[in-house]
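Report on the following structure.
Below, each value reflects all heavy atoms present in this structure, side chains not excepted, and no hydrogens, waters or symmetry copies. This structure is a prediction, so every number in the text was calculated from the model and none was measured. Order of the sequence lines fixes the chain letters, A, B, ..., with proteins taken first and strands second; residue numbering starts at 1 for each chain.
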Amino acid sequence: MRIATWNVNSITARLPRLLAWLESSGTDVLCLQEAKVAEDQFPIEPLRELGYEAAVHATGRWNGVAVLSRVGIEDVVKGLPGDPGYDGAVEPRALSATCGPVRVWSVYVPNGREVGHPHYVYKLEWFEALRAAVAGDAQGSRPFAVLGDYNVAPTDDDVFDASAFEGSTHVTPAERAALTALREAGLADVVPRPLKYDQPFTYWDYRQLAFPKNRGMRIDLVYGNAPFAQAVKDAYVDREERKGKGASDHAPVVVDLDV
DNA sequence: ATGTCGTTGCTCCAACGA
């Protein structure tokens with residue numbers, strides 16, 4: 001079974017590439033983020049024609065997550081229990097579902113904007129709510145994983161130049177501690193292999209020729225419990241999908257499971 | 001040189017988020 005996570009940065013803008021990629025990659029289950037579309041505008045029909053069912057949690061311009069599956073979708077739960085919300089509103093950033101033998105979450109962790117910003121506080125609170133919500137399944141015997149855009153680079157090796165991130169979000173001890181807490185809850189970082197260069201970056205800013213210069217970050221992560229991690233046969237970043245016109249600023253992370 | 005992209009709205013450019 002092939003499972004993947006991809007921040008598509010607008011499913012409307014990405015639809016042609018998304019459909020082509022689903023077919024060419026043979027992905028069975030895709031956790032996607034930043035749908036940036038209202039739920040009733042989600043392109044269910046062209047996905048169905050490719051054989052995928054979709055579970056969607058989205059409200060419009062910002063955020064929005066989904067799980068696409070051609071191996072079934074059951075027990076869909078929209079939202080994160082205990083989600084702190086931001087500025088008085090809970091945002092669509094999490095969805096969980098069971099697809100065949102695996103239970104997954106598709107998550108879009110708040111960016112944080114700047115260290116100390118209210119959005120950064122929100123980010124840390126959101127992480128704690130996520131940890132509490134997944135702790136049970138993390139200890140379970142069913143393969144389980146939280147896939148998505150974590151907006152945190154786990155180590156200094158997960159950014160192109162640690163010195164370029166001094167004082168920035170995505171690399172602070174508090175953000176990394178949130179990842180540590182998830183691992184201590186029973187989830188392991190399934191690190192993909194890069195198809196080129198040494199570091200498996202998953203995101204390159206659109207600006208300043210970041211992709212051609214490979215100034216990237218690994219912030220799209222797959223955190224799986226022990227049964228999930230033991231079933232992993234291969235994992236890689238499909239950086240080809242970051243190339244060319246009409247690309248998302250994130251590349252898909254693909255995991256092959258023997259389940 | 002913020003070498004970009006995508007969205008929305010009192011649109012055809014500006015503001016915002018990433």
Not counting sequence neighbours, list each pair that qualifies as a side-chain hydrogen bond (donor to acceptor under 3.5 Å, both in side chains) and has a residue in residues 211-220 of chain A.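 Those involving residues 211-220 of chain A are A:Asp158-A:Arg218, A:Asp189-A:Arg218, A:Thr202-A:Asp220, A:Trp204-A:Asn214, A:Asp220-A:His250.
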Write out all pairs satisfying side-chain hydrogen bond (donor to acceptor under 3.5 Å, both in side chains) with one or both partners inside residues 56-69 of chain A, taking only residues at least two apart or from two chains.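 Counting only pairs at least two positions apart or across chains, the side-chain hydrogen bond (donor to acceptor under 3.5 Å, both in side chains) contacts touching residues 56-69 of chain A are A:Asn63-A:Arg93.
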Answer yes or no: does a side-chain N or O of A:Gln208 lie under 4.0 Å from OP1 or OP2 of B:dG3?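 Yes, within the criterion.
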Starting at CD of A:Gln41 and ending at C1' of B:dG6, how long is that distance when rounded to a whole Å?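 Roughly 16 Å, once rounded to whole Å.
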Base-contact (B) and sugar-phosphate-only (S) positions in nucleotides 7-18 of chain B, heavy-atom cut-off under 4.0 Å, - elsewhere: BB------B-SB
Output all residues satisfying side-chain hydrogen bond (donor to acceptor under 3.5 Å, both in side chains) with A:Glu175, sequence neighbours left out; order by chain, then residue number.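 Partners of A:Glu175 under the side-chain hydrogen bond (donor to acceptor under 3.5 Å, both in side chains) test: A:Lys123, A:Thr172.
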List in chain and number order the residues that pass side-chain hydrogen bond (donor to acceptor under 3.5 Å, both in side chains) with A:Asp238, two or more places apart in sequence or in another chain; answer none if no residue qualifies.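 A:Trp21.
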Can you list the other members of the hydrophobic cluster that holds A:Leu182, where links are side-chain heavy atoms under 4.5 angstrom apart?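 Traced through the cluster, A:Leu182 reaches A:Leu80, A:Tyr86, A:Trp105, A:Val107, A:Val109, A:Tyr122, A:Trp126, A:Phe127, A:Leu130, A:Val134, A:Phe144, A:Val146, A:Tyr150, A:Val152, A:Leu179, A:Leu187, A:Leu221, A:Tyr223.
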Just checking, any donor-acceptor pair under 3.5 angstrom between side chains of A:Glu34 and A:Ser10?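 No, no side-chain donor-acceptor pair sits under 3.5 Å.
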Between [N] and [M], how far is it from one [atom1] atom to the other, in whole Å?
N	M	atom1	answer
B:dG6	B:dC10	P	23 Å
B:dG17	B:dT2	C1'	14 Å
B:dT7	B:dG3	P	22 Å

